[in-house]
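A note on names: the letters A, B, ... follow the listed sequences, proteins ahead of strands, and every chain is numbered from 1. Bear in mind that the values here come from a model prediction, so they are computed numbers and not experimental data.
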There are 2 protein chains.
Amino acid sequence: MPEVISQPYTRADEAFDCLQTAIVKGDLSPGEKIGEVELCARFNLTRGPLREALGRLESRGLLVRRPHAGVKVVSVSTEELMELYRIREVMEGLAARQAAERMTDTEIADLYATLDSHETMIEQAQGQAYYQAEGDYDFHHRIATGSRNTKLAQMLLGDLYYMVRMYRYRLSTASGRPHMALGEHRRIVEAIAQRDGELAEFLMKRHINAARQNIEKKIKEGGLTI
Amino acid sequence: MPEVISQPYTRADEAFDCLQTAIVKGDLSPGEKIGEVELCARFNLTRGPLREALGRLESRGLLVRRPHAGVKVVSVSTEELMELYRIREVMEGLAARQAAERMTDTEIADLYATLDSHETMIEQAQGQAYYQAEGDYDFHHRIATGSRNTKLAQMLLGDLYYMVRMYRYRLSTASGRPHMALGEHRRIVEAIAQRDGELAEFLMKRHINAARQNIEKKIKEGGLTI
DNA sequence: AAATCATGGATTGTTGACAATAATGTGTAT
DNA sequence: ATACACATTATTGTCAACAATCCATGATTT
């Protein structure tokens, strides 16, 4: 996701984005140790800006650093992933409630359009988990932004989602219940359109709770190692 | 709060901590622009580690940086502070629920002891807002940790609380209803001791909601400028 | 043979100088 | 007198070399 607007874009920012997507996409595996010089060669920059980027990534919880021993990609256990979903549940519930109170009619119309596009995507790309995950991300992204709660959106989009997506790419977890999820999305949007904040919050919490249970079940059944 | 254990403590870590407390304590005012060289002189280090620390602070939302234009301390509007409390409400509600499910009996006993100590502190330091704020922080800190939800505790303790405390020191907001707050704390702890997660969550949410309304009222009445 | 200690190598942390960019002040033209 | 353009200056962004710390390998001792 390269920002088109910002030309004053430092090398550190560049490294930050590249590393972030590399971690999320899975080019860097969890637990993998990454040497600084290696990364410098990869991104064509020196260790100064790189270390700045590493510090930011560490602060966001995507990297863990041990002094004088280097950094490695964070590795999230099943339990921790479940906890992540519990946090999402309450935070996105709040986001949905505030979105119902504050989204403009235009944004809501866009949200409906997004849902339609997701529907066709699901039908066309039968079983293509990637598109499902992207559609799902798009939906939640819009609601987080629509909450008009700057800090909330920042925490969801800049912190939690990267971590969740990191494992979505690996597990393709969204799959299994794409139509189900789409139906739940629709009902949430309808609640938002009716400006029913309480209902939107309730439905969103239930939606994320269902997603969590779905993943938990799959991991237990299929022995999906993360 | 200097960590006693960690001897392998880089200069960047040191600068990070110093800057963080400086911002929270109010030595650096919100909106204040801070030059890098100035900070280097202040902390006796060079710009490399300093920039690393600045990046981490920026990532945590305590600083805002504009490329080639320097960093300045974040300045939170009244509305944003209220939004912060809304986030706290749902997150600490979750923390209380999980704490009720997972805290050890020893931790709960410590929590009771903490409350008693707060009570004497409130009686002794009549009107000393600082101690009230510290006691309040201690309580919420213990519950966040007791949730056994690593990421949740990290987000609360490493993100939100610093921001809230930043304005607590300025406003001394905890004041005005110390006995009230202590009573609410007691009821929350009782719910936790009875392992009633739902009740603990409900009471915690109501507690933080009341604190938010209290601040909002004070700002509107007294024209408290933040 | 297993465990401990020491040494070498590699990697991280730090430093100070260099280059690029934005803010400021001055001068000129309208 | 005000507004715009330019040059200067100060600050940020980047680089490459230096110092400190840890990890691994191998020798030594029990």
(message) By nearest atom, which of the nucleotides C:dT15, D:dC15, C:dT14 is closest to the B:L45 side chain?
(response) C:dT15
(message) I'd like to know if the side chain of A:H185 pairs up with that of A:H207 as donor and acceptor (distance under 3.5 Å, no hydrogens or angles considered).
(response) yes
(message) Considering every strand and a 4.0 Å limit on heavy-atom distances, what is the contact class for A:G48: base, sugar-phosphate, or nothing?
(response) nothing
(message) One character per nucleotide, please: for nucleotides 5-10 of chain C, 5' to 3', B when the base has a protein heavy atom closer than 4.0 Å, S when only the sugar-phosphate does, - otherwise.
(response) ------
(request) Name all residues meeting the side-chain contact (heavy atoms from CB on, under 4.5 Å) criterion together with A:E92; count only those two or more places apart in sequence or in a different chain, and write none if there are none. (result) A:R88, A:H140, A:L156, A:Y161, A:M204, A:I208
(message) Let's test your reading of the model: under 3.5 Å, does the base of D:dG13 pair with the side chain of B:R47 as donor and acceptor?
(response) yes
(request) Indicate yes or no: does B:E107 engage B:R142 in a salt bridge with an N to O separation below 4.0 Å. (result) no
(request) Take the protein atom OH of A:Y9 and the nucleotide atom C1' of C:dA22, then report the distance between them rounded to whole Å. (result) 20 Å
(request) Select one nucleotide: of D:dG13, C:dT14, C:dT12, the one nearest the side-chain heavy atoms of B:P49. (result) C:dT14
(request) Begin from the C-alpha positions of B:L62 and B:V73 and carry the test side chain to side chain contact (heavy atoms under 4.5 Å, CB included) through to its verdict. (result) CA-CA 6 Å; B:L62 259 61; B:V73 181; over 6 Å; no
(message) Using whole Å, what does the distance between atom P of nucleotide C:dT11 and atom CZ of A:R65 come to?
(response) 16 Å
(request) Let me know which of A:L57, A:V24, A:L157 forms a side chain to side chain contact (heavy atoms under 4.5 Å, CB included) with A:Y162. (result) A:V24
(request) Figure out the CZ/C1' separation between A:R11 and C:dT21, and round it to whole Å. (result) 15 Å
(request) To the nearest Å, give me how far apart NE2 (B:H68) and P (D:dG13) are. (result) 6 Å
(request) Grab the two heavy atoms, one from B:I87 and one from B:L160, that are nearest each other, plus how far apart they are. (result) CG2-CD1, 3.8 Å
(request) Measure from the side-chain heavy atoms of A:T46 and tell me the nearest of D:dT11, C:dT15, D:dC15. (result) D:dC15
(request) Would you tell me if any nitrogen or oxygen in the side chain of B:R66 comes within less than 4.0 Å of OP1 or OP2 on C:dA23? (result) yes
(message) Any salt bridge linking B:D13 with A:R65? Criterion: basic side-chain nitrogen under 4.0 Å from a carboxylate oxygen.
(response) no
(message) Measure CD/A:E52 against C1'/D:dT12 and give the value in whole Å, please.
(response) 10 Å
(request) Please state how far atom CG in A:L39 lies from atom C1' in C:dT11, giving the value in whole angstrom units. (result) 13 Å
(request) Grab the CG-P distance between A:L63 and C:dT12 for me, whole Å please. (result) 12 Å
(request) Grab the CD-P distance between B:E58 and D:dT12 for me, whole Å please. (result) 14 Å
(request) Please check the phosphate of D:dG13 (OP1 and OP2 only) for any side-chain N or O of B:R51 closer than 4.0 Å. (result) yes
